[in-house]
Amino acid sequence: YLIGVKSFYYLYYQSGLSKHFLQKGITMNVFSGIDKELVAITNYNFAKNDRAHRIEHITDVAVNSVRIAEALNLDKELMVVAALCHDMCCHIDRATHHSLGSDWVTENLGKYRSMEGSYYNEEQVKLVAEMVYHHRASSKTVVYPNLHCEAFAAADRGILEIVAMVKRVSFTDPAEIIHHLVDKFHPETGYAKLNSVHQKIFAKENEEFGIAIKELTIEKVIAILNS
């Protein structure tokens, strides 16, 4: 179920990514240099996901990964590869997609070439698999095996911005949207705790988002949904 016809998923790669980069105003493709077949097969699979886990989210996580990797001197390429792979199994089973994705990486990533031209080695595959497995930032208690995993979880959580969050959730009722976002992201009581990397890299954005969550009303949610 994770294998598609090459020519078909390559079209997904070309059309899906190109369209999103135009919409986001991104002139440099963050996936440039990554094995095109790897980009294509992951895109083929996350295109089947719910709207919150498709190309827009994958691209945002990759861009965040680059920002964090450069700030902390981490492996930028492997974090971008993890961004491609981390949600590719959401359409199979949301509850275990992190584990399924990690298994896929372990079994398949070594078949693809790195930006240097060689195949990803055992150590690189292991690190990407760990990042994919530990990316679920909603988890209340997380022990990260290494800094890359904590950094990637921060990239997956991403920049918290109220308009994007309101539009991203699956609910359509404004009251339900407020309840979900406050329950999850309220700076004092929310269950989605931000790890130390996220707090460091996105400090300014987090403060602004916390204020917006506290001030969220039904009228504001309706206005956002209609914008």
- Of all heavy-atom pairs between Ala82 and Val132, which one has the smallest distance, and what is that distance? O-CG2, 4.1 Å
- Can you find a pair of side-chain heavy atoms, one from Lys184 and one from Met165, that are under 4.5 Å apart? no
- Query: Taking the side chain from His179 and the backbone from Glu176, do they hold a donor-acceptor pair closer than 3.5 Å?
  - Reply: no
- Run the numbers on Met115 and Ile34 for side chain to side chain contact (heavy atoms under 4.5 Å, CB included), then give the verdict. CA-CA 6 Å; Met115 293 175 69; Ile34 304 297; 4.1 Å; yes
- Message: Checking the side chain of Lys220 only, and the main-chain atoms of Glu215 only, is there a donor and an acceptor separated by less than 3.5 Å?
- Response: yes
- dist Arg94:CZ -> Asp87:CG (nearest 0.5 Å) comes out at 6.5 Å
- Query: What's the verdict on side chain to side chain contact (heavy atoms under 4.5 Å, CB included) for Met131 and Val81, showing C-alpha distance, side-chain angles and the deciding distance?
  - Reply: CA-CA 10 Å; Met131 285 190 278; Val81 170; over 6 Å; no
- What one should report as the nearest heavy-atom pair of Asn64 and Ala155 is ND2-O, 3.1 Å
- Item | Asn195 side-chain N/O to Ala151 backbone N/O, donor-acceptor pair under 3.5 Å | no
- Provide the closest heavy-atom pair for Arg54 versus Ala47 in the form atom of the first, atom of the second, distance. NE-O, 3.9 Å
- Task: Can you run down the ring-ring contact (aromatic ring centres under 6.0 Å, His included) pairs that involve residues 58-80, sequence neighbours left out, and say none if there aren't any?
- Result: none
- Note on the structure: OG of Ser114 to CG of Leu109, rounded to nearest 0.5 Å, is 9.5 Å
- Scanning both residues in full, the closest heavy-atom pair of Thr42 with Cys85 reads CG2-SG, 4.1 Å
- Query: Have Thr96 and Asp93 got a donor and an acceptor in their side chains that come within less than 3.5 Å?
  - Reply: yes
- Message: Distance alone, cut at 3.5 Å: any donor-acceptor contact between the side chains of Tyr120 and Glu77?
- Response: yes
- Task: Please examine the side chains of Leu74 and Phe152, heavy atoms only from C-beta on, and report whether any two atoms are closer than 4.5 Å.
- Result: no
- Message: Would a single hydrophobic cluster contain both Val125 and Leu127, if residues Ile, Leu, Val, Met, Phe, Trp and Tyr are joined by side-chain heavy-atom contacts under 4.5 Å?
- Response: yes
- State the CG-CG distance between Leu160 and Asn206, to the nearest 0.5 angstrom. 5.5 Å
- Item | salt bridge (Lys or Arg N to Asp or Glu O under 4.0 Å) against Glu188, all qualifying residues, sequence neighbours excluded | Lys214
- Query: More than 12 heavy atoms of other residues, nucleotides or ligands under 6.0 Å from NZ of Lys200: is that the case?
  - Reply: no
- Message: Could you tell me if the side chain of Asn43 sits less than 4.5 Å from the side chain of Phe31, heavy atoms only?
- Response: no
- Query: ring-ring contact (aromatic ring centres under 6.0 Å, His included): which pairs involve residues 205-226, sequence neighbours left out?
  - Reply: Phe185-Phe209
- Salt-bridge present (Glu122, Lys126; N to O < 4.0 Å): no
- Spacing of His198 atom NE2 and Lys193 atom NZ [to the nearest 0.5 Å]: 14.0 Å
- Query: Would His57 and His86 count as a close aromatic pair, with their ring centres under 6.0 Å?
  - Reply: yes
- Query: Any side-chain heavy atom of Met88 within less than 4.5 Å of one from His53?
  - Reply: no
- For the pair Glu116 (side chain) and Ser118 (backbone), establish whether a donor and an acceptor sit closer than 3.5 Å, ignoring hydrogens and angles. no
- Message: Within the 4.5 Å heavy-atom criterion, are Lys48 and Asn45 side-chain neighbours or not?
- Response: yes
- With side chains defined as the heavy atoms from C-beta onward, is the minimum distance between Leu72 and Ile68 less than 4.5 Å? yes
- Any donor-acceptor N/O pair, His186 side chain to Asp183 backbone, under 3.5 Å: no
- What do the steps show when you test His98 against His135 for side chain to side chain contact (heavy atoms under 4.5 Å, CB included), and what is the final call? CA-CA 7 Å; His98 60 299; His135 80 268; 3.7 Å; yes
- Message: Using a 6.0 Å cut-off, check whether atom CD of Glu207 has over 12 heavy atoms from anything other than its own residue.
- Response: no
- Full working for side chain to side chain contact (heavy atoms under 4.5 Å, CB included) between Leu225 and Ile177: CA-CA 11 Å; Leu225 293 176; Ile177 292 173; 3.9 Å; yes
- Task: Test side-chain hydrogen bond (donor to acceptor under 3.5 Å, both in side chains) on Glu150 and Ser196 and set out the steps.
- Result: CA-CA 8 Å; Glu150 183 173 2; Ser196 61; 2.4 Å; yes
- Answer yes if the side chains of His148 and Asp75 hold a donor-acceptor pair under 3.5 Å, and no otherwise. no
- Message: Quick check for you: to the nearest 0.5 Å, what is the distance between Asn49 atom CG and His91 atom NE2?
- Response: 6.0 Å
- Message: Within the 4.5 Å heavy-atom criterion, are Glu208 and Ile211 side-chain neighbours or not?
- Response: no
- Message: Check for me, please, whether Val61 and Leu78 land in the same ILVMFWY cluster - side-chain distances under 4.5 Å, paths through other members count.
- Response: yes
- Measure across Val166 and Val169 and return the closest heavy-atom pair with its distance rounded to 0.1 Å. O-CG2, 3.3 Å
- Query: Looking just at side-chain N and O atoms, do Asn146 and Glu130 make a donor-acceptor pair shorter than 3.5 Å?
  - Reply: yes
- Task: Indicate yes or no for a side-chain donor-acceptor contact from Ser102 to the backbone of Ala129 under 3.5 Å, with no hydrogens or angles considered.
- Result: yes
- Message: With heavy-atom distances below 4.5 Å as the criterion, would you say the side chains of Ile55 and Phe46 are in contact?
- Response: yes
- Please confirm whether the backbone N or O of Ile201 pairs with a side-chain atom of Lys204, one donor and one acceptor, at under 3.5 Å? no
- Note on the structure: OH (Tyr133) and OG (Ser99) are apart, to the nearest 0.5 Å, by 5.5 Å
- Query: Quick one: is the NZ or CZ of Arg113 closer than 6.0 Å to the six-membered ring centre of Tyr119, and within 45° of its axis?
  - Reply: yes
